[in-house]
Amino acid sequence: MAKLLILGGTAEAAELAARLAGDDRLETVTSLAGLTRLPNVGGGAVRRGGFGGPDGLAAYLKDGGYGALIDATHPFAAQIAMHAAEAAEKAGVPRVKLLRPPFERTAEDRFIPVPDMKAAAAALPQGARVFLAAGRREIAPFAARPDLWCLVRMIEPPASGEVFPNGEIILGRPPNDPAAEVALLKQHSIGWIVSKDSGGTAGAKIIAARRLGLPVVLVERPMPPPGQTVASVAEALSWIERSLRL
Ligand code: NAP
(Lines give C-alpha, C1' and ligand atoms only; values in the text may rest on other atoms or scores of the structure.)
Protein backbone atom coordinates (compact mmCIF):
# COMPACT_ATOMS: atom_id res chain seq x y z
CA MET A 1 0.00 0.00 0.00
CA ALA A 2 1.25 3.51 -0.80
CA LYS A 3 2.52 5.52 2.19
CA LEU A 4 2.26 9.26 2.68
CA LEU A 5 3.97 11.40 5.31
CA ILE A 6 2.31 14.71 6.22
CA LEU A 7 4.40 17.23 8.14
CA GLY A 8 1.66 18.86 10.19
CA GLY A 9 0.87 21.29 12.98
CA THR A 10 -1.66 23.31 10.95
CA ALA A 11 -5.42 23.27 10.28
CA GLU A 12 -4.69 22.28 6.66
CA ALA A 13 -2.60 19.28 7.71
CA ALA A 14 -5.43 18.12 9.99
CA GLU A 15 -8.02 18.60 7.25
CA LEU A 16 -5.87 16.67 4.78
CA ALA A 17 -5.38 13.78 7.24
CA ALA A 18 -9.14 13.74 7.94
CA ARG A 19 -9.95 13.64 4.20
CA LEU A 20 -7.52 10.74 3.67
CA ALA A 21 -8.48 8.77 6.81
CA GLY A 22 -11.06 6.53 5.10
CA ASP A 23 -9.00 6.00 1.92
CA ASP A 24 -7.88 2.36 1.84
CA ARG A 25 -5.51 2.95 -1.10
CA LEU A 26 -2.93 4.57 1.14
CA GLU A 27 -1.56 4.74 4.66
CA THR A 28 -1.12 8.23 6.06
CA VAL A 29 1.11 9.30 8.93
CA THR A 30 1.08 12.86 10.32
CA SER A 31 4.26 14.13 11.94
CA LEU A 32 4.06 16.76 14.69
CA ALA A 33 6.89 18.70 16.29
CA GLY A 34 5.35 17.78 19.67
CA LEU A 35 5.22 21.33 21.06
CA THR A 36 1.43 21.53 21.52
CA ARG A 37 -0.21 19.46 24.23
CA LEU A 38 -3.64 19.25 22.56
CA PRO A 39 -2.88 19.26 18.83
CA ASN A 40 -5.56 19.20 16.14
CA VAL A 41 -4.67 16.03 14.19
CA GLY A 42 -7.61 15.10 11.96
CA GLY A 43 -7.13 11.36 11.45
CA GLY A 44 -4.68 8.57 10.61
CA ALA A 45 -1.51 7.65 12.48
CA VAL A 46 0.63 10.25 14.28
CA ARG A 47 4.30 10.46 15.20
CA ARG A 48 5.85 13.20 17.35
CA GLY A 49 9.19 15.00 17.64
CA GLY A 50 12.00 16.18 15.37
CA PHE A 51 13.82 13.82 12.99
CA GLY A 52 17.31 15.07 13.85
CA GLY A 53 17.72 17.30 10.79
CA PRO A 54 17.48 16.56 7.05
CA ASP A 55 19.53 13.34 7.24
CA GLY A 56 17.24 11.99 9.95
CA LEU A 57 14.14 12.80 7.92
CA ALA A 58 15.67 11.30 4.74
CA ALA A 59 16.38 8.07 6.66
CA TYR A 60 12.85 8.08 8.14
CA LEU A 61 11.34 8.39 4.64
CA LYS A 62 13.49 5.61 3.20
CA ASP A 63 13.22 3.20 6.14
CA GLY A 64 9.45 3.73 6.36
CA GLY A 65 8.95 3.09 2.62
CA TYR A 66 7.18 6.41 2.09
CA GLY A 67 6.13 7.21 -1.50
CA ALA A 68 5.40 10.93 -1.03
CA LEU A 69 5.83 13.81 1.43
CA ILE A 70 3.46 16.73 1.98
CA ASP A 71 5.00 19.58 3.93
CA ALA A 72 1.87 21.15 5.42
CA THR A 73 3.72 22.98 8.20
CA HIS A 74 3.01 26.62 9.04
CA PRO A 75 4.28 29.33 6.61
CA PHE A 76 6.58 30.58 9.42
CA ALA A 77 8.06 27.14 10.18
CA ALA A 78 11.01 27.86 7.89
CA GLN A 79 13.51 25.37 9.26
CA ILE A 80 11.43 22.20 8.90
CA ALA A 81 10.41 23.34 5.39
CA MET A 82 14.07 23.59 4.29
CA HIS A 83 14.86 20.29 6.02
CA ALA A 84 11.92 18.62 4.24
CA ALA A 85 13.14 19.88 0.85
CA GLU A 86 16.65 18.59 1.44
CA ALA A 87 15.51 15.26 2.93
CA ALA A 88 13.05 14.47 0.13
CA GLU A 89 15.73 15.21 -2.46
CA LYS A 90 18.19 12.89 -0.67
CA ALA A 91 15.62 10.10 -0.26
CA GLY A 92 14.29 10.48 -3.83
CA VAL A 93 10.74 10.98 -2.52
CA PRO A 94 8.35 13.44 -4.25
CA ARG A 95 7.50 16.42 -2.01
CA VAL A 96 5.20 19.39 -2.19
CA LYS A 97 4.77 22.39 0.13
CA LEU A 98 1.15 23.16 1.07
CA LEU A 99 1.33 26.91 1.63
CA ARG A 100 -1.86 28.80 2.39
CA PRO A 101 -2.14 32.22 0.71
CA PRO A 102 -1.15 35.29 2.76
CA PHE A 103 -3.81 37.62 4.18
CA GLU A 104 -5.78 39.34 1.47
CA ARG A 105 -4.77 43.01 0.95
CA THR A 106 -7.48 45.68 0.58
CA ALA A 107 -7.50 49.49 0.31
CA GLU A 108 -8.76 49.75 3.94
CA ASP A 109 -5.79 47.91 5.46
CA ARG A 110 -3.25 49.90 7.45
CA PHE A 111 -0.41 47.38 7.23
CA ILE A 112 3.07 48.23 8.45
CA PRO A 113 5.30 45.44 7.08
CA VAL A 114 8.29 44.39 9.20
CA PRO A 115 10.76 41.50 8.78
CA ASP A 116 10.48 39.93 12.25
CA MET A 117 9.03 40.21 15.79
CA LYS A 118 11.96 42.32 17.03
CA ALA A 119 11.24 44.90 14.33
CA ALA A 120 7.51 44.64 15.15
CA ALA A 121 8.15 45.59 18.80
CA ALA A 122 10.38 48.47 17.69
CA ALA A 123 7.66 49.78 15.31
CA LEU A 124 5.11 50.38 18.11
CA PRO A 125 4.70 53.90 19.52
CA GLN A 126 5.39 54.72 23.18
CA GLY A 127 2.58 53.55 25.51
CA ALA A 128 0.60 51.67 22.82
CA ARG A 129 -2.16 49.19 23.77
CA VAL A 130 -1.37 46.20 21.58
CA PHE A 131 -3.10 42.98 20.55
CA LEU A 132 -0.36 40.43 20.01
CA ALA A 133 -1.01 37.05 18.38
CA ALA A 134 2.28 35.28 18.94
CA GLY A 135 3.82 32.09 20.26
CA ARG A 136 5.68 31.78 23.58
CA ARG A 137 9.04 31.91 21.80
CA GLU A 138 8.18 35.18 20.02
CA ILE A 139 7.15 37.52 22.83
CA ALA A 140 10.54 38.44 24.35
CA PRO A 141 11.00 41.67 22.27
CA PHE A 142 7.69 42.96 23.68
CA ALA A 143 8.72 42.19 27.25
CA ALA A 144 11.67 44.53 26.66
CA ARG A 145 9.14 47.38 26.14
CA PRO A 146 7.53 47.93 29.60
CA ASP A 147 5.77 51.06 28.27
CA LEU A 148 3.45 48.83 26.16
CA TRP A 149 0.27 47.13 27.38
CA CYS A 150 -0.13 43.82 25.47
CA LEU A 151 -3.13 41.52 25.14
CA VAL A 152 -1.41 38.30 24.10
CA ARG A 153 -3.25 35.38 22.54
CA MET A 154 -1.33 32.14 22.51
CA ILE A 155 -2.13 28.41 22.30
CA GLU A 156 0.34 27.21 24.94
CA PRO A 157 0.79 29.10 28.23
CA PRO A 158 4.26 30.45 29.00
CA ALA A 159 6.29 28.30 31.39
CA SER A 160 6.99 29.72 34.86
CA GLY A 161 10.02 31.98 34.77
CA GLU A 162 9.58 32.86 31.07
CA VAL A 163 9.68 36.55 30.25
CA PHE A 164 6.27 37.98 29.52
CA PRO A 165 5.14 41.42 28.29
CA ASN A 166 3.20 43.81 30.48
CA GLY A 167 -0.53 43.04 29.98
CA GLU A 168 -2.85 40.02 29.86
CA ILE A 169 -2.86 36.55 28.26
CA ILE A 170 -5.77 34.85 26.52
CA LEU A 171 -5.18 31.15 25.93
CA GLY A 172 -6.68 29.50 22.87
CA ARG A 173 -6.78 29.21 19.12
CA PRO A 174 -7.92 32.21 17.05
CA PRO A 175 -11.68 32.31 16.38
CA ASN A 176 -12.86 32.43 12.79
CA ASP A 177 -15.27 35.26 13.63
CA PRO A 178 -14.42 38.91 12.89
CA ALA A 179 -17.32 40.17 15.08
CA ALA A 180 -15.86 38.36 18.12
CA GLU A 181 -12.46 39.86 17.34
CA VAL A 182 -13.97 43.38 17.05
CA ALA A 183 -15.62 42.94 20.47
CA LEU A 184 -12.35 41.72 22.03
CA LEU A 185 -10.33 44.63 20.61
CA LYS A 186 -12.91 47.18 21.80
CA GLN A 187 -13.19 45.61 25.26
CA HIS A 188 -9.45 46.10 25.80
CA SER A 189 -9.19 49.51 24.04
CA ILE A 190 -6.60 48.10 21.64
CA GLY A 191 -4.97 50.64 19.32
CA TRP A 192 -2.41 48.45 17.53
CA ILE A 193 -2.25 44.86 16.26
CA VAL A 194 0.85 42.77 15.75
CA SER A 195 0.45 39.70 13.57
CA LYS A 196 2.46 37.37 11.41
CA ASP A 197 1.22 37.18 7.82
CA SER A 198 0.00 33.65 8.49
CA GLY A 199 -3.02 33.74 6.18
CA GLY A 200 -5.87 31.26 6.64
CA THR A 201 -8.65 31.51 9.21
CA ALA A 202 -6.71 33.77 11.58
CA GLY A 203 -7.71 36.43 9.03
CA ALA A 204 -10.60 37.26 11.39
CA LYS A 205 -8.35 39.62 13.39
CA ILE A 206 -7.20 41.32 10.19
CA ILE A 207 -10.83 41.86 9.13
CA ALA A 208 -11.56 43.21 12.64
CA ALA A 209 -8.62 45.65 12.37
CA ARG A 210 -9.96 46.79 9.00
CA ARG A 211 -13.43 47.38 10.47
CA LEU A 212 -12.00 49.43 13.35
CA GLY A 213 -9.42 51.24 11.18
CA LEU A 214 -6.54 49.96 13.35
CA PRO A 215 -2.93 49.77 12.16
CA VAL A 216 -1.46 46.24 11.86
CA VAL A 217 2.26 45.68 12.26
CA LEU A 218 2.55 42.72 9.92
CA VAL A 219 5.52 40.37 10.16
CA GLU A 220 6.35 39.21 6.64
CA ARG A 221 6.74 35.53 5.73
CA PRO A 222 10.10 33.85 5.49
CA MET A 223 11.20 32.58 2.06
CA PRO A 224 9.30 29.43 1.06
CA PRO A 225 11.38 26.32 0.36
CA PRO A 226 12.43 25.58 -3.23
CA GLY A 227 10.23 23.39 -5.44
CA GLN A 228 6.53 22.94 -6.05
CA THR A 229 3.90 24.65 -3.90
CA VAL A 230 0.13 24.09 -3.66
CA ALA A 231 -2.23 26.56 -1.99
CA SER A 232 -5.11 24.40 -0.74
CA VAL A 233 -6.07 20.99 0.62
CA ALA A 234 -7.94 20.25 -2.64
CA GLU A 235 -4.77 20.91 -4.67
CA ALA A 236 -2.75 18.78 -2.26
CA LEU A 237 -5.22 15.88 -2.75
CA SER A 238 -4.79 16.10 -6.56
CA TRP A 239 -1.01 16.16 -6.12
CA ILE A 240 -1.19 12.99 -3.96
CA GLU A 241 -3.29 11.19 -6.60
CA ARG A 242 -0.71 12.05 -9.27
CA SER A 243 2.43 11.44 -7.22
CA LEU A 244 1.34 8.11 -5.74
CA ARG A 245 -0.47 7.07 -8.97
CA LEU A 246 -3.60 6.13 -6.97
P1 NAP B 1 10.73 25.16 12.71
O2 NAP B 1 11.42 26.25 13.46
O3 NAP B 1 10.66 25.26 11.23
O4 NAP B 1 11.37 23.74 13.06
C5 NAP B 1 12.21 23.51 14.18
C6 NAP B 1 12.47 22.02 14.27
O7 NAP B 1 11.32 21.37 14.82
C8 NAP B 1 12.70 21.34 12.93
O9 NAP B 1 14.05 21.45 12.50
C10 NAP B 1 12.28 19.92 13.23
O11 NAP B 1 13.32 19.21 13.92
C12 NAP B 1 11.13 20.11 14.20
N13 NAP B 1 9.82 20.11 13.54
C14 NAP B 1 9.08 21.18 13.14
N15 NAP B 1 7.92 20.79 12.63
C16 NAP B 1 7.90 19.43 12.70
C17 NAP B 1 6.95 18.43 12.35
N18 NAP B 1 5.75 18.76 11.81
N19 NAP B 1 7.28 17.13 12.57
C20 NAP B 1 8.48 16.80 13.13
N21 NAP B 1 9.42 17.69 13.49
C22 NAP B 1 9.12 19.00 13.29
O23 NAP B 1 9.25 24.95 13.28
P24 NAP B 1 8.40 25.85 14.30
O25 NAP B 1 8.18 27.20 13.69
O26 NAP B 1 8.99 25.68 15.66
O27 NAP B 1 7.00 25.07 14.25
C28 NAP B 1 6.86 23.83 14.90
C29 NAP B 1 5.52 23.23 14.53
O30 NAP B 1 4.47 24.14 14.89
C31 NAP B 1 5.36 22.95 13.04
O32 NAP B 1 4.81 21.66 12.90
C33 NAP B 1 4.42 24.04 12.54
O34 NAP B 1 3.58 23.59 11.49
C35 NAP B 1 3.62 24.37 13.79
N36 NAP B 1 3.21 25.80 13.85
C37 NAP B 1 4.16 26.79 13.75
C38 NAP B 1 3.76 28.12 13.80
C39 NAP B 1 4.77 29.25 13.66
O40 NAP B 1 4.35 30.41 13.66
N41 NAP B 1 6.05 28.97 13.49
C42 NAP B 1 2.39 28.44 13.94
C43 NAP B 1 1.46 27.40 14.04
C44 NAP B 1 1.88 26.08 14.00
P45 NAP B 1 14.38 18.28 13.17
O46 NAP B 1 15.27 19.19 12.39
O47 NAP B 1 15.06 17.59 14.30
O48 NAP B 1 13.62 17.34 12.30
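Because only heavy atoms are used, hydrogens play no part in the values below, and waters and symmetry mates are left out as well, while side chains stay in. Source: prediction; values computed, not measured. Counting starts at 1 for both ligands and their atoms, following the listed order.
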Option whose closest heavy atom lies nearest to atom 39 (C) of ligand 1, chosen from R48, R47, H83, H74 | H74

What is the nearest protein non-hydrogen atom to atom 10 (C) of ligand 1, stated with its residue, atom name and distance?
-> I80 CD1, 3.8 Å

What protein heavy atom sits nearest atom 26 (O) of ligand 1, and how far off is it?
-> R137 NH2, 2.9 Å

If we only count N/O pairs under 3.5 Å, is L7 in contact with ligand 1?
-> no

Starting from atom 18 (N) of ligand 1, find the nearest protein heavy-atom neighbour and note its residue, name and distance.
-> S31 O, 3.0 Å

Is it true that K90 and D55 make a salt bridge, defined as a side-chain N closer than 4.0 Å to a carboxylate O?
-> yes

Between S31 and R47, does any side-chain donor sit less than 3.5 Å from a side-chain acceptor?
-> yes

Has E162 got more than 12 heavy atoms of other residues, nucleotides or ligands less than 6.0 Å from its CD?
-> yes

Is R95 salt-bridged to E89, cutoff N-O under 4.0 Å?
-> no

If we only count N/O pairs under 3.5 Å, is G53 in contact with ligand 1?
-> yes

Give a yes or no on whether a salt bridge exists between D197 and R105, defined as a side-chain N under 4.0 angstrom from a carboxylate O.
-> yes

Given side chains that start at C-beta, do those of H188 and L184 come closer than 4.5 Å, heavy atoms only?
-> yes

Pairwise side-chain contact, R100 with E12, heavy-atom cut-off 4.5 Å (strictly under) | yes

Please say whether T73 places an N or O atom under 3.5 Å from an N or O atom belonging to ligand 1.
-> no

Check whether any protein heavy atom sits under 4.0 Å from atom 45 (P) of ligand 1.
-> yes

Do W239 and R242 come close enough that some side-chain heavy atom pair is under 4.5 Å?
-> yes

Measuring from the heavy atoms of L57, does anything fall under 4.0 Å of ligand 1?
-> no

Which residue and heavy atom of the protein sit nearest atom 11 (O) of ligand 1, plus the separation = G50 CA, 3.6 Å

Geometric N/O contact G52 with ligand 1, under 3.5 angstrom = yes

Nearest protein heavy atom with distance in Å, relative to atom 35 (C) of ligand 1 = G9 O, 3.7 Å

Under 3.5 Å, is there a donor-acceptor pair between the T28 and K3 side chains?
-> no

Against heavy atoms of K196, which atoms of ligand 1 measure under 4.0 Å?
-> 39 (C), 40 (O)

Which residue owns the protein heavy atom closest to atom 16 (C) of ligand 1, what's the atom, and how far is it?
-> A33 CB, 3.6 Å

Taking the side chain as C-beta and beyond, is there a heavy-atom pair between I240 and L20 under 4.5 Å?
-> yes

Of all the atoms in ligand 1, which lie at a distance below 4.0 Å from a heavy atom belonging to F76?
-> 40 (O), 41 (N)

Atom 23 (O) of ligand 1 - nearest protein heavy atom and its distance | A77 CB, 3.6 Å

min-distance protein heavy atom vs atom 9 (O) of ligand 1 -> Q79 NE2, 2.8 Å

Compute the ring centroids of Y60 and Y66, then answer whether they are less than 6.0 Å apart.
-> yes

Take atom CE in M1; do more than 12 heavy atoms of anything else shown fall under 6.0 Å from it?
-> yes

Contact between G49 and ligand 1, counting heavy atoms under 4.0 Å?
-> yes

Among G8, G135, A134, G56, closest by any non-hydrogen atom to atom 31 (C) of ligand 1 | G8

Candidate pair E181 and R153, rule salt bridge (Lys or Arg N to Asp or Glu O under 4.0 Å), full reasoning | CA-CA 11 Å; E181 296 288 62; R153 181 165 61 210; 2.7 Å; yes

Short N/O distance, under 3.5 Å, between F51 and ligand 1?
-> yes

What atoms of ligand 1 come closer than 4.0 angstrom to any heavy atom of A78?
-> 3 (O)

